[in-house]
Participant: 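Below you'll find the structure I mean.
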Protein chains: 2
Amino acid sequence: MAAPSPAGPERGRRVRRPSGDDRERAILATAERLLELRPLADISVDDLARGAGISRPTFYFYFASKDAVVLALLDRVVAEARSLRAAALAGAGDDVRGSWRLALEAVRDTFTAHRSLTAAATQLLAGSAEVRELWSQVMEGFVTETAAAIEAERARGAAPAGPPARDLAVALNWMNERVLQVTLAGQVPGIAEEGLVDVLLTVWLRAVYGTDEPAV
Amino acid sequence: MAAPSPAGPERGRRVRRPSGDDRERAILATAERLLELRPLADISVDDLARGAGISRPTFYFYFASKDAVVLALLDRVVAEARSLRAAALAGAGDDVRGSWRLALEAVRDTFTAHRSLTAAATQLLAGSAEVRELWSQVMEGFVTETAAAIEAERARGAAPAGPPARDLAVALNWMNERVLQVTLAGQVPGIAEEGLVDVLLTVWLRAVYGTDEPAV
DNA sequence: ACTGTAGTCGACACGGTGTCGACCACCTCG
DNA sequence: CGAGGTGGTCGACACCGTGTCGACTACAGT
């Protein structure tokens, strides 16, 4: 049950009025709505079920647990973040600084647009193995991309040698993750949302190139 | 109930055999022991009580909840980390690079020595307001120190201008926190424990000075 | 009309939490 | 030395959330 993605065996049936995976959608929607109002820990399976107009046992017909619902939600957001980031990376031409910035902004925008879910996922990150697994994969993707980019820059002589590119990438990506998370949750000590990308970008550029203005 | 520190009203009594805050210590010890074996979520108040040789209601005489126990434990470790770090910072003379490194190592060593507790605290960080509060204060302390150091280095011309020193400090300290946490828990993508300090130090130096070898 | 299958829920068992009230052991003071 | 207080202890209880089982319904295909 790594990723309860859609695309079940039966698609396209349109006949049944109050049924099928409308219910699944209703649960997801309810979860999203309730998460705006209160933390995940204060939402029970019963709340989710009632919100979707079904009983608690019926909920279990659709999801194995409360966590599985959040996982499904997170799955969608993660896909969004990945594609946005990929698009940003692809779209940026020869502007080195700009392309790093775009990638940063893509991720920021995605999670900013889903604050409550991000908070819930953070809760689960500590406790749920499935969520941790999913998140590991996401971060691994970012790290791999980043490491490749760093190595490319070193190869063309734009970036100085230093620690293994991958290690650098790991540190920088976890920095982003944590700082973004803290900032979105409004925790302290944090960074004002306006300045966020600038600060992060500076650290990235200095860590990779040793300067704020890498050669083109 | 910000910090259930010791130093109750009565100290120094030595007469009573099976009593007083020996029990408190027993609970703390049991928690520490059990945390080596399984995650916090799998430890009940009953486990803690039985482990300390008391009943569950009696547990509540000493601590308000399971979380409060971990908070008390964390309190001690945090104090340790702070003083070690302060000592490291004070002890380092004119070796700039070395003093940054020492501070980094102090924190790493403290939390490495208390892996299980660190993991438990991470769990709670998401859910418990008290733990979050304590941790905020710790991070705020680190950030303030760091920001002051950066400003001092800029003032003496050793470090270039850039984003507000505090913002830089926030980003770097959260990076440390997250990477250390991930590494200690053995999560992926992570950094090998041996290389940890080197990588982190490089990012810090490059972010602050733009180079791995700051002028003395 | 019959049979299977997707969906639904009432009722239950369970495990954990937190609290109340009775109780006990010991200390101190009159 | 007995009386009353205080610190400590626990059995029993009320409560809440989870997850499961088994009986039931609605409908589809044959």
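Just so it is clear, the values below take in all heavy atoms, side chains as well, and ignore hydrogens, waters and symmetry mates. Chain identifiers are assigned alphabetically (A, B, ...) following the order of the sequence lines, protein sequences preceding nucleic acid strands; residue numbering begins at 1 within each chain.
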Participant: Has Arg38(B) got more than 12 heavy atoms of other residues, nucleotides or ligands less than 6.0 Å from its CZ?
Facilitator: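 It does: Arg38(B) CZ has more than 12 such atoms within range.
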
Participant: Out of dA11(C), dC20(C), dG7(C), which has the shortest distance to the side chain of Arg56(A)?
Facilitator: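 Looking only at heavy atoms from C-beta outward on Arg56(A), the closest nucleotide is dA11(C).
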
Participant: Could you tell me how far apart Asp67(B) (CG) and dT17(C) (C1') are, to the nearest whole angstrom?
Facilitator: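 Atom CG in Asp67(B) sits about 12 Å away from atom C1' in dT17(C).
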
Participant: Measure the distance from CZ on Arg50(B) to P on dG16(C) and round it to the nearest whole Å.
Facilitator: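 In whole Å, dG16(C) P and Arg50(B) CZ are 11 Å from each other.
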
Participant: Starting at atom NZ of Lys66(B), determine the distance to atom P of dG16(C), rounded to an integer number of angstrom.
Facilitator: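 It is 9 Å, rounded to the nearest whole Å.
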
Participant: Quick one: Ile54(A) CD1 to dA6(C) P, roughly how many Å, whole number?
Facilitator: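 Atom CD1 in Ile54(A) sits about 17 Å away from atom P in dA6(C).
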
Participant: Looking only at non-hydrogen atoms, find the nearest pair between Pro189(B) and Val182(B) and report the distance.
Facilitator: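 Heavy atoms of Pro189(B) and Val182(B) come nearest at O-CG1, 3.8 Å.
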
Participant: Can you check the Asp22(A) CG to dA6(C) P distance for me, whole Å?
Facilitator: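 Spelled out: CG on Asp22(A) to P on dA6(C) is 17 Å.
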
Participant: When all nucleic acid strands are considered with a 4.0 Å heavy-atom cut-off, which category describes Ser44(B): base, sugar-phosphate, or nothing?
Facilitator: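 Since only primed, P, OP1 and OP2 atoms lie under 4.0 Å of Ser44(B), the category is sugar-phosphate.
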
Participant: In whole Å, I'd like the distance from the CZ atom of Phe63(A) to the P atom of dG7(C).
Facilitator: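 Phe63(A) atom CZ is separated from dG7(C) atom P by 13 Å.
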
Participant: Taking the minimum atom-to-atom distance to the side chain of Tyr60(A), which one of dG8(D), dT19(C), dT20(D) wins?
Facilitator: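 Selected nucleotide (nearest to the side chain): dT20(D).
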
Participant: When you measure from the side chain of Ser83(B) to the backbone of Glu80(B), do you find a donor-acceptor pair of N or O atoms at a distance under 3.5 Å?
Facilitator: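 Yes, the answer is positive, given that a donor and an acceptor are paired below the 3.5 Å cut-off.
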
Participant: Just wondering, are more than 12 heavy atoms of other shown residues or ligands nearer than 6.0 Å to CZ in Arg33(A)?
Facilitator: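 Yes, CZ of Arg33(A) has more than 12 neighbouring heavy atoms, counting only those of other groups under 6.0 Å.
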
Participant: Report the distance from atom CD1 of Ile43(A) to atom P of dG17(D), rounded to the nearest whole Å.
Facilitator: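 Roughly 12 Å, once rounded to whole Å.
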
Participant: With a 4.0 Å limit, can you tell me whether Thr58(A) has a side-chain N or O closer than that to the phosphate oxygens OP1/OP2 of dC9(C)?
Facilitator: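 Result: yes.
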
Participant: Whole-Å distance between dG8(D) P and Phe61(B) CZ?
Facilitator: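 Interatomic distance, CZ of Phe61(B) to P of dG8(D): 4 Å.
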
